[in-house]
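Side chains are part of it too, since the values below use all heavy atoms of this structure and drop only hydrogens, waters and symmetry mates. So you know, we letter chains A, B, ... as the sequences are listed, proteins then strands, and number each from 1.
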Protein chains: 2
Amino acid sequence: MPDSAIRPRKEFGKTIAADITHRLREEIIACALAPGEPLRFDVLRERFGASFTTLREALTALAAEGLVDAQEQRGFRVAPVSRQDLMEITDARVLVEVELIRRSIARGDDDWEIAVISTLHRLKRIEQRDPEHPLRDPEWKIAHRQFHEALVSACGSATLLAIRAELFDRAERYRHLSANFRPRPRDKAGEHQAIMQAAISRNADLAVQLIETHIRSTADNVATYAAHLLDTE
Amino acid sequence: MPDSAIRPRKEFGKTIAADITHRLREEIIACALAPGEPLRFDVLRERFGASFTTLREALTALAAEGLVDAQEQRGFRVAPVSRQDLMEITDARVLVEVELIRRSIARGDDDWEIAVISTLHRLKRIEQRDPEHPLRDPEWKIAHRQFHEALVSACGSATLLAIRAELFDRAERYRHLSANFRPRPRDKAGEHQAIMQAAISRNADLAVQLIETHIRSTADNVATYAAHLLDTE
DNA sequence: CCAGACCATATTTTCGAAAATCATACCGTT
DNA sequence: AACGGTATGATTTTCGAAAATATGGTCTGG
């Protein structure tokens, strides 16, 4: 989607720096910028049409999120990937997500239930369009993210939600890494459905167990099908 | 310590931006810059001797760490404090720290034990100097931080350690907030000693319980003695 | 007297030139 | 040939001026 010509210079009310942070984040997560790739200012300047300092601000922010690697005096590069990093992210996600699911199930009200149900509904409808390659569909990605966000949205801790969001982004990059080599997606639709039902029926132990399996099996999948990208790094 | 005249322009090998990020972080944690205080570029420029863009980069990085609040098009301010925020940080710290202590106890080797013992030893020696006001002693702060870092250093997850470090910083700011109003510190020395012993003897359940109490009672203390700063925000 | 438009000022945000730093290739010496 | 130093070009990093935006006060019409 080469939209730099159509897109307005920046989104309304936002600074250019924030806008570029957002766009860079998307490209890194989607692996349009490959892991480990150097991020040279000449190139970025051309691609994003912003000045050195504005780009620098965006890269610094992404470095704090763990998506960019800042090498002092030697510029920036896309954060490299490794099996170890994937494992750490997976463990951290399980730790946080399990806690947040429990809290959400304990505290969630009617609005929470409605959000969980409706985001899943939308996700399923989008899935029917192209069940083979969901990750290539930007709408699926958004819907998938929104469903998982809805599940934990009632936890009551903005602090933990921010940490969760960061880990989710970093994990999504690994999913994209393996997406091109994965033969066929496993039955995610069924898993999501089961998680939703466990959550709505307030069966915390079951929901937690399903979420953990969901996260870990996705990671295993990545480790298997992106093995050649993780070992020779 | 007005050291801008003595201090070299920047630390060796580091960028000015990274150096200023570091200095600003320290001042915010120490509440030398008060919570909610606007961070105007004129003032910062004067104080840190750097240009707009360099300062901007530092502020953006600190915003990602949760120590600075970026208000688009309306500048930056020191992140405000609140009872709710303190609670969230405390809960998040317990969640993460408990996990990391367990892992460290399970995986720690001889070097880990030595690090735990020696950092505690140094902490105790520094404590004897001025047992009334430890938080005013920069050396105590460093030693205290290093002891708690040593405890979790064998966990094996750089990802979780980074999250833990961020939460520790944010919590330390709250401790400083109440430091001026707290009548007398409780028996921290004893608590640290007990935690060390539980860790070294590989009694994970006990260590975890002591750490949780340690974190929560510190937070309660802050909530009590900084109440006037937390409620009228 | 109030609400809204308008202007003047304060402040932030962005830019590209200039300085600093790094990487590489070249050269002379051993 | 191997090594160490140095000049050169490439790249990052920093700066302050200029543009963009917000803020606060004043004026006008209702």
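Within residues 51-58 of chain A, the residues having any heavy atom closer than 4.0 Å to DNA chain C are, in order of number, A/Ser51, A/Phe52, A/Thr53, A/Thr54.
For the pair B/Asp69 CG and C/dT12 P, the interatomic distance rounds to 14 Å; values are reported in whole Å. In this structure, B/Asp19 places its CG atom 13 Å from P of C/dT21, rounding to the nearest Å. Between the CD atom of A/Gln71 and the P atom of C/dA23 there is a distance of 9 Å, rounded to whole Å. If you take CD1 of A/Ile16 and C1' of C/dT12, they are 13 Å apart, rounded to a whole angstrom. Remark: P of C/dA20 and CD of A/Gln73 are 12 Å apart, rounded to the nearest angstrom. Regarding B/Ile20, its CD1 atom lies at a distance of 12 Å from the C1' atom of D/dT13, rounded to whole Å. Distance CG (A/Leu39) to P (D/dT13): 12 Å, rounded to an integer number of Å. In this structure, A/Phe41 places its CZ atom 16 Å from C1' of C/dA18, rounding to the nearest Å.
Legend: ring-ring contact (aromatic ring centres under 6.0 Å, His included) pairs involving residues 135-173 of chain B, not counting sequence neighbours, sorted by first then second residue: B/Trp140-B/His144, B/His144-B/His148, B/His144-B/His192, B/Phe147-B/His192, B/His148-B/His192, B/His148-B/His214.
Under the 6.0 Å distance and 45° angle rule, B/Arg56 does not count as a cation-pi partner of B/Phe41.
Contact check on A/Glu27 versus A/Arg23 returns no salt bridge, with no Lys/Arg side-chain nitrogen under 4.0 Å from an Asp/Glu carboxylate oxygen. In this structure, A/Asp169 pairs ionically with A/Arg145, as a charged nitrogen and a carboxylate oxygen lie closer than 4.0 Å. Remark: A/Lys141 does not engage A/Glu26 in a salt bridge, criterion side-chain N to carboxylate O under 4.0 Å.
Summarising the local packing, CZ of B/Arg83 is surrounded by more than 12 heavy atoms from other residues, nucleotides or ligands at distances under 6.0 Å.
For D/dG16, the OP1/OP2 oxygens have a side-chain nitrogen or oxygen of B/Arg45 closer than 4.0 Å.
Between the A/Tyr174 side chain and the A/Ser82 main chain, a donor and an acceptor come within less than 3.5 Å of each other.
Side-chain proximity of A/Arg40 to the nucleotides D/dT13, D/dT12, C/dT14 is greatest for D/dT12.
Each of A/Arg74 and B/Arg74 was matched to the nucleotide of DNA chain C holding its nearest heavy atom; the match closer to the 5' end belongs to B/Arg74.
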